[in-house]
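For reference, the structure discussed in these notes is given below.
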Amino acid sequence: TRLPAKKEPTTVDIPEKVVTAEEADSIMQSQGLALFGAEGIAQLASLGIYLHGAGVMRVGRRANTSIGRFLHLYMRNVAGQRIPPAATDKGSIDAYIVDAYRSAKTPDKAIEYAQTALKESPDSRELQILYAEALADKGRTDDGIKVLQKLTTGKDEDLDVFSTMASIYQRAKKFSDAQTVVDSAIKRFPDDERVYFIQGALYEKQNKVSDAEKAFRKSLELDENNPATLNYLGYMLADRSLKLDEALKLVQKAVDLDR
């Protein structure tokens, strides 16, 4: 039994060089801002460059890296496929730039840019969430959590905050704190499949495979066609040589749904 490849070689045309999507992804992740700068990345997008496949841009409309999402934003806003961004869009554009700095593993620049951008867009939740993550990248876990705690509103949008808090604690190996956050999220959103995905991922990171499987299956009970959950569960099982026939079906279904 073979699973679909996680990465699919394809080509992308970057000025004067043709590379695979995987190579382009690596270049953009590690050197993109240094090579092109934020304005240069926007110019690439304005030329109509799409990076397809499993690298910077995945097949379909959704990007699977920060640079890919950044390019997607500019393809819509700069290349004329949408109305150019108004003042209310600036926070989102700045958020993509912060995310790009994080992906380039330059958290100091991400923090500095986010602090400056937040002076102009103080109400941008997306920007504040990325600022919190950048702080965590520098090992400032508690500072990042404090930023996120100020964003809770008692509304559905809080789930994004809970998810980020759990992720920050998880990256810091503070699994007990992460679980406390997830418990709160499940209590607040018991019928939302995403909380069980978050729970499953947290269990999987601790190698609690049986508990993770139960959480992922609970998520699928609420949304049987969620590609992310299908994919995660499928690969978790396959990587451990468990239920391989079912794992193949889960991943294949995720691929079919995500096309």
Side-chain angles (χ1 to χ4, degrees), residues 1-12 20-26 28-29 50-73 75-76 96 99 102-103 126 129 133 156-157 159-160 162-164 166-167 170-171 178 182 185-186 189-259:
T1 302
R2 296 184 62 187
L3 290 170
K6 289 185 181 180
K7 291 222 174 204
E8 177 182 291
T10 186
T11 59
V12 54
T20 67
E22 288 78 7
E23 291 170 335
D25 193 32
S26 176
M28 294 297 277
Q29 289 281 352
Y50 277 94
L51 309 183
H52 293 290
V56 177
M57 303 291 268
R58 72 157 57 113
V59 175
R61 293 175 297 171
R62 284 165 289 189
N64 60 349
T65 68
S66 59
I67 294 295
R69 294 192 296 273
F70 186 71
L71 282 170
H72 254 308
L73 181 74
M75 282 304 299
R76 294 197 306 269
Y96 279 101
D99 202 15
R102 291 187 62 234
S103 294
E126 183 179 15
I129 287 172
E133 292 195 284
D156 288 350
E157 61 190 2
L159 185 53
D160 287 338
F162 283 129
S163 176
T164 306
S167 176
Q170 176 182 296
R171 282 154 45 200
V182 174
I186 291 174
F189 307 99
D191 299 320
D192 194 314
E193 73 280 358
R194 292 173 294 173
V195 295
Y196 301 102
F197 177 89
I198 296 168
Q199 177 67 91
L202 178 60
Y203 279 143
E204 192 272 336
K205 293 299 182 183
Q206 300 172 80
N207 204 31
K208 297 180 179 180
V209 179
S210 179
D211 290 333
E213 182 179 353
K214 290 177 184 177
F216 286 132
R217 291 193 188 280
K218 174 64 175 179
S219 179
L220 290 174
E221 286 178 13
L222 296 169
D223 181 4
E224 63 181 5
N225 293 319
N226 187 298
T229 308
L230 291 163
N231 188 70
Y232 203 132
L233 176 57
Y235 275 114
M236 183 188 74
L237 295 173
D239 287 344
R240 294 166 174 80
S241 298
L242 300 172
K243 305 177 183 179
L244 291 178
D245 288 342
E246 183 187 13
L248 172 61
K249 293 177 181 178
L250 290 167
V251 174
Q252 188 59 60
K253 183 177 180 179
V255 171
D256 293 341
L257 289 168
D258 208 27
R259 285 177 178 167

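Counting begins at 1 with the first residue of the sequence. Both backbone and side-chain heavy atoms feed into the values below; hydrogens, waters and symmetry mates do not.
Pairing each heavy atom of A254 with each of P227, the nearest pair is CB-O, 3.4 Å. Looking at every heavy atom in both residues, Q170 comes nearest to A178 through N-CB, 4.1 Å. When every heavy atom of A212 is checked against every heavy atom of G200, the shortest pair comes out as CB-O, 3.4 Å. The shortest non-hydrogen separation linking V182 to A166 is CG2-CB, 4.0 Å.
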side-chain contact (heavy atoms from CB on, under 4.5 Å) evaluation trace for V251 with L230: CA-CA 6 Å; V251 174; L230 291 163; over 6 Å; no
Full working for side-chain contact (heavy atoms from CB on, under 4.5 Å) between L233 and L220: CA-CA 10 Å; L233 176 57; L220 290 174; 3.9 Å; yes
Candidate pair L237 and L250, rule side-chain contact (heavy atoms from CB on, under 4.5 Å), full reasoning: CA-CA 10 Å; L237 295 173; L250 290 167; 4.2 Å; yes
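Summarising the geometry, atom CG belonging to N226 is positioned 9.5 Å from atom CZ belonging to R194; distances are rounded to the nearest 0.5 Å. Distance check, rounded to the nearest 0.5 Å: CG of D99 to CD1 of I129 gives 11.5 Å. A distance of 10.0 Å separates CD in Q252 from CG in L257, rounded to the nearest 0.5 Å. Of the inter-residue distances, the one linking K218 atom NZ with E221 atom CD reads 5.0 Å to the nearest 0.5 angstrom.
Side chain of S163 to main chain of L159: no donor-acceptor pair is present (N/O by atom type, distance under 3.5 Å, no hydrogens or angles). One N or O on the side chain of T164 and one on the backbone of D160 form a donor-acceptor pair closer than 3.5 Å. Checking side-chain atoms of Y196 against main-chain N and O of L222 turns up no donor-acceptor pair under 3.5 Å.
Looking only at side-chain heavy atoms (C-beta outward), R171 and E133 come within less than 4.5 Å of each other. Under the 4.5 Å side-chain criterion, counting only non-hydrogen atoms from C-beta, N207 is in contact with R240. Contact check for K243 versus E213: side-chain heavy atoms found under the 4.5 Å cut-off.
Remark: the N225 side chain and the K253 side chain contain an N/O donor-acceptor pair separated by less than 3.5 Å.
Annotation: cation-pi pair K208/Y203 absent, no NZ/CZ under 6.0 Å from the ring centroid and within 45° of its normal.
Taking the six-membered ring for Trp and the full ring otherwise, the centers of F197 and Y232 sit less than 6.0 Å from each other.
Screening K214, Q199, E193 against S219 for a side chain to side chain contact (heavy atoms under 4.5 Å, CB included) leaves a single residue, E193.
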